[in-house]
Amino acid sequence: MKKFILHNRNDEKRTAERTVAYRELLNDTQYEAVMFQNGPALVIAGAGTGKTRTLTYRVARLIEDDVPPESILLLTFTRRAAHEMLDRAASVLDGRCQRVQGGTFHHYCNHLLHRFAGKLGFPANFTLLDQADAMDTIQHMRSSFVRQTGLRRFPQKQTLLSLFSASVNRQIPLYDVLAKDQPAFLEHYEAIETLQKRYAAYKKDNALMDFDDLLLHTLHLLQNEDQVRTRVAAENRFVMVDEYQDTNRLQADLVKLFSSCHDNLMAVGDDAQSIYAFRGADSRNILQFPEEFPGCTLITLEENYRSVQPVLDLANKLLEQAHQKFEKKLFTRKKEGDLPGLVKASTERDQSRFVAQMILHLREQDIPLSDIAVLFRNGRDSYNIEWELNKSNIPFRKFGGQKFAEAAHIRDVMAHIRVIVNPDDQVAWNRLLLLLDGIGPKTAGELVSWLKRNRKSELGDTHLVSKKYKKQLDRLSMMLAELKTLRNNPHKAVEKAVLYYRPICENRFDDSPKRIRDLEAFVILAAAFNSLDKMLNEMTLDPIDSSAMETESSMKEEAPLTLSTIHSAKGLEWDTVFVIQCLDGIIPSGFSVDSNRDLDEELRLLYVACTRAKERLFITYPISRQSSFGDYFSNPSRFISSLPETILEPWMLIEEKRLLSDTRSISPA
DNA sequence: ACTGCCGACATTTTT
DNA sequence: TGTCGGCAGT
């Protein structure tokens with residue numbers, strides 16, 4: 001195809017005319033990336049080399065050169081990252097930066113799908129399924145399927161979902177995924193494939209989409225509808241993709257289509273920080289970018305501005321252990337700094353006490369809590385320390401782990417909202433009916449199929465139902481009828497739904513007071529939206545971390561400490577970082593020890609964790625752990641156990657000798 | 001048909 | 001640790 005370039009008067013604006021002093025604010029390579037004009041470019045940015053800064057200034061620079069903000073697409077890994085960058089860009093230049101198209105792949109695809117729903121064969125009010133919803137749906141299909149066929153040892157819903165998901169995201173046939181990931185289930189290949197088809201058909205029939213569908217349907221839309229593709233690609237004059245090392249095949253295909261008109265694609269990332277292979281990310285995307293986009297300009301950011309040299313020395317040493325080597329050596333001009341500490345605690349509780357006491361000690365030296373983070377591999381690795389922090393009155397915020405919207409009681413309330421937005425949402429109907437007394441799978445199923453058959457969206461005149469349920473169903477119907485009138489008032493709608501659900505909640509859960517507090521928080525949260533439809537979409541695409549609510553509502557005056565999974569800490573930095581539970585079996589996870597590829601990913605994870613630290617880094621582990629069987633000894637992570645003391649300095653914890661009168665010496669169990 | 005209880009089990013990380 | 005499926009009782 002031939003292309004004709006339309007000139008823009010101001011494209012050639014000279015440096016002197018720009019108001020932002022890019023040359024002074026950036027180093028040579030950052031400047032090169034910011035000033036880069038047209039064509040594909042790959043920016044390799046090691047940890048802490050000013051990647052965010054570079055993207056931020058590039059957005060500002062483009063806009064200052066009169067590129068309309070709406071024609072810039074900035075794809076990031078989380079919504080938070082996009083906001084942060086655009087906010088910063090706005091403070092460098094002006095508010096126009098906020099109008100840049102931005103967010104995650106899923107967000108942008110969701111936006112496109114709503115815009116072009118007509119071309120899609122989906123109604124614009126389709127319901128988004130988060131992972132738990134998707135599993136519920138699969139479970140629904142699975143149980144009837146297993147009953148019919150009498151299959152034994154058939155994969156669980158979670159396994160099924162991850163198989164389907166891997167096949168979509170990596171764009172490889174289901175059979176290959178199965179052979180590679182779950183060879184034990186190969187004998188069930190045909191059954192699994194049937195189930196996959198049924199799942200897809202079910203979603204289509206009921207206007208449902210899961211996360212993978214957002215990407216997949218967008219891909220199909222752009223591939224099959226020339227007009228849509230041309231229009232979308234023409235809109236995106238400049239496309240930038242952050243964290244490119246964590247894109248999967250499907251996302252790489254999408255990026256290509258998004259930028260297919262102007263070819264102004266800038267991919268930014270670091271192959272040493274690829275930590276999402278488990279969800280289909282393929283570091284070949286970044287490694288083979290130059291071949292994929294011939295004529296691509298390669299820009300490498302190497303100087304680290306974040307960490308002191310001893311932290312980088314440790315990071316470099318870690319990477320040396322990779323089976324597949326990285327040609328990477330971070331350096332900095334910040335030569336001074338303490339050696340990272342390796343803290344051996346006798347128990348998990350002592351580990352927590354050390355962290356809490358060290359945090360208090362640092363706070364006394366005027367290091368604010370908000371400059372400190374505690375990082376860990378799994379969401380639950382922080383339970384012990386959360387308890388200790390609460391006891392020491394240290395306010396914290398936790399990222400990663402269980403999300404607010406994943407809790408059963410929140411999902412119950414959401415189900416009521418979902419049937420208002422999409423009356424075809426059978427999963428939600430099923431869920432809310434099962435909450436009623438005396439209604440089990442059978443009756444719920446009958447009611448749901450009655451609704452479907454009669455194309456009804458309410459249960460008012462069901463003759464199927466015996467008097468036993470009548471009263472409850474009337475109460476439900478009345479509430480739903482009320483909700484329908486409140487479609488544009490989420491605050492009131494959620495309030496009504498919670499009022500209705502409250503007695504059910506008290507009946508169902510032992511810990512209902514805590515859950516009811518959550519529900520009250522939900523009501524307040526809902527006030528931030530102006531329609532139920534929007535609220536549902538936003539809450540699934542951008543789930544709120546479950547502990548975020550508590551800290552916000554308690555309005556602590558001091559900016560809180562951060563607790564985070566390593567995955568959720570990506571791209572962030574703190575003055576002091578604690579990496580806790582650094583045990584073999586946790587980092588690396590026990591599931592990854594059989595394969596060098598998986599092991600490398602765990603190593604990169606630890607690398608990411610360590611490179612978050614600017615000044616101080618502590619790696620901690622307990623030598624004994626408790627389990628249901630009793631205590632047992634645990635070993636430090638294999639990644640750190642052989643490092644020399646000149647890189648990672650061992651620390652020992654010693655109990656203070658206490659006076660007999662000191663009652664605190666008796667610690668609670 | 002539904003509910004509750006018991007034992008088995010898998011068990012990460014996120015959009 | 002909590003979730004899932006099977007079983008017995010109502």
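The analysis underlying the following values was restricted to heavy atoms, covering all of them including side chains, and did not include hydrogens, waters or symmetry mates. Naming convention: chains lettered A, B, ... in sequence-line order (proteins, then strands); numbering from 1 in each chain.
- Partners of A:L216 under the side chain to side chain contact (heavy atoms under 4.5 Å, CB included) rule, at least two apart in sequence or in another chain, are A:V168, A:Q171, A:H220.
- In this view, A:M135 and A:K157, A:Q158, A:L161 satisfy the side chain to side chain contact (heavy atoms under 4.5 Å, CB included) rule, not counting sequence neighbours.
- Taking 4.0 angstrom as the limit, A:T565 places a side-chain polar atom (N or O) nearer than this to OP1 or OP2 of B:dT14.
- Rounded to an integer number of Å, the gap from CZ of A:F164 to C1' of B:dT15 is 19 Å.
- Within the 4.0 angstrom heavy-atom criterion, no nucleotide atom of any strand lies near A:F105.
- Going from atom CG of A:L605 over to atom C1' of B:dT13 covers 7 Å, rounded to whole Å.
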Quiz item: Once each nucleotide of nucleotides 2-10 of chain B is scored for protein heavy atoms under 4.0 Å, what B/S/- sequence comes out, 5' to 3'?
Solution: SS-------
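- If you check the side chains of A:Q131 and A:E406, you find no donor sitting under 3.5 Å from an acceptor.
- The interatomic distance linking A:E243 (CD) with B:dT14 (P) rounds to 14 Å, in whole Å.
- Under the stacking criterion of a centre-to-centre distance below 5.5 angstrom and an interplanar angle below 30°, A:F278 is not stacked against the six-membered ring of B:dT12.
- In terms of phosphate contacts, A:R142 brings a side-chain nitrogen or oxygen within less than 4.0 Å of OP1 or OP2 of C:dG5.
- A:G379 comes within contact range of the sugar-phosphate backbone alone, with a heavy-atom separation under 4.0 Å but no base atom that close.
- Computed from coordinates, the A:I586 CD1 to B:dT13 P distance equals 11 Å when rounded to whole Å.
- Between A:M135 atom CE and C:dC4 atom P the separation is 8 Å, expressed in whole Å.
- A residue-by-residue look at A:T159 and A:P543 shows that A:T159 has its nearest nucleotide of DNA chain B further toward the 5' end.
- The phosphate of B:dT14 has neither OP1 nor OP2 within less than 4.0 Å of any side-chain N or O from A:T78.
- Residue-level contact check: A:S589 touches the bases, meaning some heavy atom is under 4.0 Å from a base atom.
- With P as the reference atom, B:dT12 and C:dG5 are 16 Å apart, rounded to whole Å.
- Under 4.0 Å is where a charged nitrogen must lie from a carboxylate oxygen, and between A:E602 and A:R638 no such pair does.
- Among the heavy atoms of the strands lying under 4.0 Å from A:Q139 are primed sugar atoms or P, OP1, OP2 only; no base atom is included.
- Comparing A:E406 and A:Q158, the nucleotide of DNA chain B nearest to each residue sits closer to the 5' end for A:Q158.
- Under the side-chain hydrogen bond (donor to acceptor under 3.5 Å, both in side chains) criterion, A:N596 pairs with A:H323, not counting sequence neighbours.
- Put simply, CD on A:Q251 is 11 Å from C1' on B:dT14, counting in whole angstrom units.
- Between A:F278 and A:H567, the ring-plane angle classifies as perpendicular under the 30° and 60° cut-offs.
- Regarding A:F399, its CZ atom lies at a distance of 12 Å from the P atom of B:dT14, rounded to whole Å.
- Atom P of nucleotide B:dT13 and atom CG of A:L375 are separated by 15 Å, given to the nearest angstrom.
- The ring-ring contact (aromatic ring centres under 6.0 Å, His included) test applied to A:H106 returns A:F211, not counting sequence neighbours.
- Regarding contacts with the backbone of C:dC4, a side-chain N or O of A:K157 is found under 4.0 angstrom from either OP1 or OP2.
- For A:R502, the salt bridge (charged side-chain N to carboxylate O under 4.0 Å, His left out) criterion is met by A:E506, A:E520, not counting sequence neighbours.
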